[in-house]
Amino acid sequence: MKIIIVDDDCLVAGALKTILEANEDVTVCAVGSDGRDAVQLYRNLLPDVLLMDIRMKEMNGLTASEIILKEFPDAKILLLTTFSDDEYIVKALRLGAKGYLLKQDYASILPALRAVCSGQTVFGSEIMSKIPALLPSSHTFDYNACDINERELEIIHLIAEGLSNKEIASQLFLSEGTVRNYLSSILDKLDLRDRTQVAVFYYQHKD
């Protein structure tokens with residue numbers, strides 16, 4: 001797994017690099033100090049996951065994420081911050097970031113990187129608990145009009161609760177492959193890009 005770390009605190013960046021490279025399957029191919037570095041390093045190295053701080057001088061992590069995701073829609077970005085800031089959480093969700101974790105939760109960083117690399121979306125439990133309140137419903141949505149069936153709606157609800165494909169498969173007694181197929185169908189029918197957008201869509205159109 002090829003990782004780029006971007007953080008304007010060189011001690012934090014160095015500590016993250018040391019922790020991650022203690023694992024044989026992880027290679028930190030570059031370290032940057034602001035959003036401009038992140039954009040350039042991503043273009044040059046195309047990592048599996050970009051691990052990036054949000055609050056940085058010159059260009060912050062959200063602005064860098066927006067630039068990278070416009071150029072590379074499939075980019076996997078895990079945002080890391082010391083601030084559980086509501087505005088940042090909403091922006092990260094809407095941009096399509098694959099994860100948002102608090103820096104102090106060091107034990108979760110490596111599992112989160114692996115999950116994001118495998119295509120999952122990861123938000124810390126403290127952040128997941130805030131999402132429903134941060135994305136108030138605008139109006140009731142007619143899923144039937146988009147040909148969303150009962151099983152797909154059930155999967156949408158579980159995605160919004162933060163469950164992985166494996167957890168959904170276990171709960172609904174389905175194979176992971178079947179869940180992936182359902183997710184692909186949901187994304188196509190609702191014209192969404194990824195499971196993060198599914199969760200955002202669900203909370204924005206919840207009764």
Side-chain angles (χ1 to χ4, degrees), residues 1-72 74-131 134 162-164 166-167 194-196 199:
M1 181 169 53
K2 190 166 69 171
I3 306 295
I4 289 175
I5 297 171
V6 178
D7 194 306
D8 63 353
D9 186 327
C10 61
L11 293 178
V12 170
L16 286 170
K17 184 175 187 293
T18 299
I19 290 168
L20 294 176
E21 288 196 325
N23 300 273
E24 292 183 359
D25 63 327
V26 178
T27 300
V28 177
C29 54
V31 176
S33 60
D34 71 5
R36 292 177 182 175
D37 286 346
V39 174
Q40 195 58 52
L41 289 170
Y42 194 95
R43 286 172 178 161
N44 292 342
L45 300 171
L46 298 176
D48 294 311
V49 185
L50 169 60
L51 179 63
M52 176 163 56
D53 189 20
I54 288 184
R55 288 196 179 188
M56 297 184 289
K57 296 177 182 178
E58 302 299 330
M59 181 187 290
N60 66 43
L62 290 172
T63 301
S65 294
E66 186 171 13
I67 293 169
I68 291 167
L69 286 164
K70 280 183 179 177
E71 192 170 338
F72 305 95
D74 295 328
K76 295 172 180 175
I77 301 173
L78 179 60
L79 294 169
L80 203 56
T81 182
T82 54
F83 303 94
S84 181
D85 188 299
D86 292 353
E87 182 183 355
Y88 287 161
I89 295 169
V90 172
K91 285 183 178 179
L93 283 166
R94 289 179 173 158
L95 282 172
K98 299 298 182 184
Y100 185 116
L101 293 175
L102 299 181
K103 276 186 184 178
Q104 53 265 41
D105 194 7
Y106 272 100
S108 296
I109 294 174
L110 181 58
L113 283 168
R114 288 187 170 132
V116 167
C117 188
S118 70
Q120 296 181 44
T121 302
V122 177
F123 290 90
S125 57
E126 178 182 343
I127 291 161
M128 280 301 300
S129 67
K130 288 187 171 192
I131 290 175
L134 296 177
L163 273 67
S164 67
K166 183 177 182 179
E167 291 167 333
D194 55 36
R195 62 193 301 120
T196 305

Evaluate the side-chain proximity of I109 to L80: yes if any heavy-atom separation is below 4.5 Å, no if none is.
-> yes
Using atom types as modelled, flag every donor-acceptor pair under 3.5 Å from a side chain in residues 61-70 to any protein atom, sequence neighbours excluded.
{"from": "T63", "atom 1": "OG1", "to": "N60", "atom 2": "OD1", "distance (Å)": "3.1"}
{"from": "S65", "atom 1": "OG", "to": "G61", "atom 2": "O", "distance (Å)": "2.7"}

If every non-hydrogen atom of A13 is compared with every non-hydrogen atom of V31, which pair is closest and at what distance?
-> CB-CG1, 3.8 Å
Would you please name every residue forming a salt bridge (Lys or Arg N to Asp or Glu O under 4.0 Å) with D48, sequence neighbours left out?
-> none
Any donor-acceptor N/O pair, N23 side chain to V26 backbone, under 3.5 Å | no
Give a yes or no on whether the backbone of L45 and the side-chain of K2 come within a donor-acceptor separation of less than 3.5 Å.
-> yes
Could you tell me which residues satisfy side chain to side chain contact (heavy atoms under 4.5 Å, CB included) with K166, sequence neighbours excluded, listed by chain and number?
-> S164, E176
Residue list, side chain to side chain donor-acceptor pair (under 3.5 Å) with S108, at least two apart or on another chain | D105
So which heavy atom on D8 is nearest to which on M56, and how close?
-> OD2-CA, 3.4 Å
Inter-residue atom distance I3.CD1 - C29.SG, 0.5 Å rounding | 8.0 Å
Of all heavy-atom pairs between Y100 and I54, which one has the smallest distance, and what is that distance?
-> CE1-CD1, 3.4 Å
Those residues that, when tested against A97, pass side chain to side chain contact (heavy atoms under 4.5 Å, CB included) (two or more places apart) | L79, A92
Partner residues of K17 under the salt bridge (Lys or Arg N to Asp or Glu O under 4.0 Å) criterion, sequence neighbours left out = E21
Looking at K76 and V116, what are the two nearest heavy atoms and their distance?
-> CD-O, 3.3 Å
Could you tell me which non-hydrogen atom of C117 sits nearest to which non-hydrogen atom of M1, and how far apart they are?
-> CB-SD, 3.6 Å
Pairwise ring pair (Phe, Tyr, Trp, His ring centres under 6.0 Å) hits with a residue in residues 28-67, at least two apart = Y42-F72
Could you name each residue pair satisfying salt bridge (charged side-chain N to carboxylate O under 4.0 Å, His left out) that touches residues 29-41, not counting sequence neighbours?
-> R36-E58
With sequence neighbours excluded, tell me which residues meet side chain to side chain contact (heavy atoms under 4.5 Å, CB included) with N44.
-> Q40
Nearest heavy atoms of D9 and L11, plus distance in Å | OD1-N, 2.9 Å
What distance do I4 atom CD1 and L51 atom CG have between them, rounded to the nearest 0.5 Å?
-> 10.5 Å
Taking the side chain as C-beta and beyond, is there a heavy-atom pair between D53 and V6 under 4.5 Å?
-> no
Salt bridge (Lys or Arg N to Asp or Glu O under 4.0 Å) with D74: which residues, sequence neighbours excluded?
-> none
Tested for side-chain contact (heavy atoms from CB on, under 4.5 Å) against I5, the lone hit among L16, V49, L50 is L16
